[in-house]
Amino acid sequence: MDQREAGEMDTATGAGNGAGESDIVSARRAHILQIARSAGSVSVDDLAERLAVTPQTIRKDLNVLARQALLSRVHGGALVTSGVDNLAYDARRTVASQAKARIGAAAAALIPDGASLFVNIGTTTEAVAANFAHHRNLMVISNNLNVVDTLSSHPAMELVSVGGKVRTSDRAVVGALAMRFIENFRVDYALIGISALDADGSLLDFAIDEVEVSQTIIRNARKVILVADSAKIGRSAPVRVCGMEAIDFFVTDRIADPILRAACERHGVNLIETAPDA
């Protein structure tokens with residue numbers, strides 16, 4: 001029996017017609033985990049091609065691994081994360097990088113010259129900042145030192161780094177000092193990235209101190225722009241930032257969930273999809 005044939009057995013339980021078949025399934029799932037941990041995320045179609053099994057088999061494998069809390073299922077694939085721990089920062093940078101680049105360009109286009117804005121921590125907000133090169137007279141206040149580095153060479157903007165404790169894993173400035181620093185400003189826009197987005201419109205994240213800083217940023221901005229790729233939709237995280245009622249613009253690649261789309265409409269969120277037909 002080849003791997004494609006073995007994949008057609010009952011992979012939801014791992015049971016087959018013999019120990020050999022079960023070993024093939026176990027080895028395939030271990031290989032899937034190895035690929036996922038290396039890349040940060042996996043897609044059904046890519047795994048099916050790489051492992052020479054059907055997409056249906058891969059979906060069953062991913063569902064089993066998700067039930068074992070080894071992966072988190074998202075539309076079209078899975079992420080390496082649990083409900084209480086986020087991916088390592090370097091891995092997050094590789095997840096949905098093309099989608100983040102398109103989101104970054106679309107969100108940057110919403111910011112007019114001469115505006116003031118907060119930019120919080122996250123790889124998607126960094127993708128937005130990378131598109132500020134041609135903006136003029138921006139005042140950017142950020143608790144994301146990666147954003148500060150990106151923008152530090154642009155003379156046509158005023159750049160303010162939030163003061164406070166630096167979380168070395170991702171160079172985020174978080175904690176009470178950062179919150180007090182942010183309270184000194186009232187800006188035109190808040191550019192917010194999050195780790196997870198529930199179908200009801202709840203913005204979710206993993207670290208309480210990071211969430212508190214994001215909440216402070218939202219309170220002190222006139223308009224709030226949420227940037228998040230579709231892999232964040234339906235993902236699990238334990239700490240609630242806010243609901244869609246606090247959001248003015250949501251820039252994403254696509255929304256397939258009709259419940260989330262309805263939540264955006266209900267709260268008057270301006271929805272921008274960069275790849276709606278993907």
Hey, is [X] close enough to [Y] for a salt bridge, meaning N to O under 4.0 Å?
X    : Y    : value
R261 : E273 : yes
E210 : R167 : yes
E183 : R219 : yes
R102 : D253 : no

Does the side chain of [X] come under 3.5 Å of the side chain of [Y] through a donor N or O and an acceptor N or O?
X    : Y    : result
R240 : S202 : yes
N63  : R73  : yes
N220 : R186 : no
T123 : K100 : yes

Q: Indicate, with yes or no, if V148 and F118 share a hydrophobic cluster defined by side-chain heavy-atom contacts under 4.5 Å among Ile, Leu, Val, Met, Phe, Trp and Tyr.
A: yes

Is the backbone of [Y] close enough, under 3.5 Å, to the side chain of [X] for a donor and an acceptor to pair up by distance?
X    : Y    : value
H267 : A246 : no
D229 : A231 : yes
D198 : D200 : no
D46  : V42  : no

(Q) Using a 6.0 Å cut-off, check whether atom CD of E158 has over 12 heavy atoms from anything other than its own residue. (A) no

(Q) Any non-hydrogen side-chain atom of V166 less than 4.5 Å from a side-chain atom of V174? (A) no

Q) Residues two or more places apart in sequence or in another chain: which of them pass ring-ring contact (aromatic ring centres under 6.0 Å, His included) with F249? A) none

Q | Heavy-atom closest contact (V119 atom, S142 atom, distance) | A | O-OG, 2.8 Å

